[in-house]
Amino acid sequence: MTKIPQIVKDAAKDLIEIYGDKFDYLGKFEGAEAYAFSFPEDSCTGFPFVYLVKDDKVEEISGFLALDIIDYFLCVE
């Protein structure tokens, strides 16, 4: 189990308050560690949220780019 960095949890604070504290570690993406927020199965949501961590900074990504990043990891496996 991968420990989720606090900066990711801080960036996803609003989502955590509503849906709980659950993330999936995706792997390395363009030199950054990639994490996806995991919504509960019974929730109806829009685009996923991906968090890229590099050099102690976090970038929150949603929309089609988040789908592309998740797809990258699905195709790599």
Side-chain angles (χ1 to χ4, degrees):
M1 177 175 231
T2 301
K3 185 174 181 345
I4 306 303
Q6 188 60 47
I7 59 174
V8 171
K9 291 183 177 191
D10 292 344
K13 180 181 69 147
D14 293 339
L15 291 173
I16 291 171
E17 288 176 4
I18 298 169
Y19 299 104
D21 186 355
K22 189 169 179 208
F23 293 84
D24 294 314
Y25 174 71
L26 300 175
K28 283 269 195 191
F29 181 78
E30 296 182 358
E33 299 291 332
Y35 303 87
F37 185 81
S38 182
F39 289 97
E41 285 187 31
D42 63 346
S43 60
C44 182
T45 64
F47 286 106
F49 287 84
V50 172
Y51 298 87
L52 300 179
V53 178
K54 185 176 181 181
D55 300 328
D56 295 323
K57 294 179 182 168
V58 64
E59 179 181 2
E60 180 182 83
I61 298 171
S62 191
F64 289 107
L65 182 54
L67 291 174
D68 289 343
I69 293 169
I70 291 169
D71 186 56
Y72 167 81
F73 289 103
L74 294 174
C75 292
V76 170
E77 296 176 357

Please determine whether residues [X] and [Y] belong to a single hydrophobic cluster, defined as Ile, Leu, Val, Met, Phe, Trp and Tyr linked transitively by side-chain heavy-atom distances below 4.5 Å.
X	Y	value
Ile16	Val53	yes
Ile18	Val50	no
Val58	Leu15	yes
Phe64	Tyr72	no
Tyr25	Leu52	no

Practice task
I would like to know whether Phe29 and Ile70 meet side chain to side chain contact (heavy atoms under 4.5 Å, CB included); could you show each step before the answer?
Solution key: CA-CA 10 Å; Phe29 181 78; Ile70 291 169; over 6 Å; no
From [X] atom [atom1] to [Y] atom [atom2], the distance as rounded to the nearest 0.5 Å:
X	Y	atom1	atom2	value
Tyr35	Asp24	OH	CG	12.0 Å
Ile69	Leu26	CD1	CG	8.5 Å
Lys9	Asp21	NZ	CG	4.0 Å

Exercise for the section: Name the orientation class of the two ring planes belonging to Phe49 and Tyr51 (parallel below 30°, tilted from 30 to 60°, perpendicular beyond 60°). Expected result: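 If you compare the ring of Phe49 with that of Tyr51, the planes turn out parallel.
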Exercise for the section: Check whether more than 12 heavy atoms from other residues, nucleotides or ligands sit under 6.0 Å from atom CG of Asp14, and answer yes or no. Expected result: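 Above 12, so yes.
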Exercise for the section: Answer yes when Glu33 and Lys28 have at least one side-chain N-carboxylate O distance shorter than 4.0 Å, and no when they do not. Expected result: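 Between Lys28 and Glu33 there is a salt bridge, with a charged N closer than 4.0 Å to a carboxylate O.
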Please give me the minimum heavy-atom distance between [X] and [Y], naming the atom from each residue.
X	Y	result
Pro48	Ala66	O-CB, 3.6 Å
Ser43	Pro40	OG-O, 2.7 Å
Lys54	Ala32	CB-CB, 3.9 Å

Practice task
Measure centre to centre between the rings of Phe39 and Phe37, then say whether the value is under 6.0 Å.
Solution key: yes
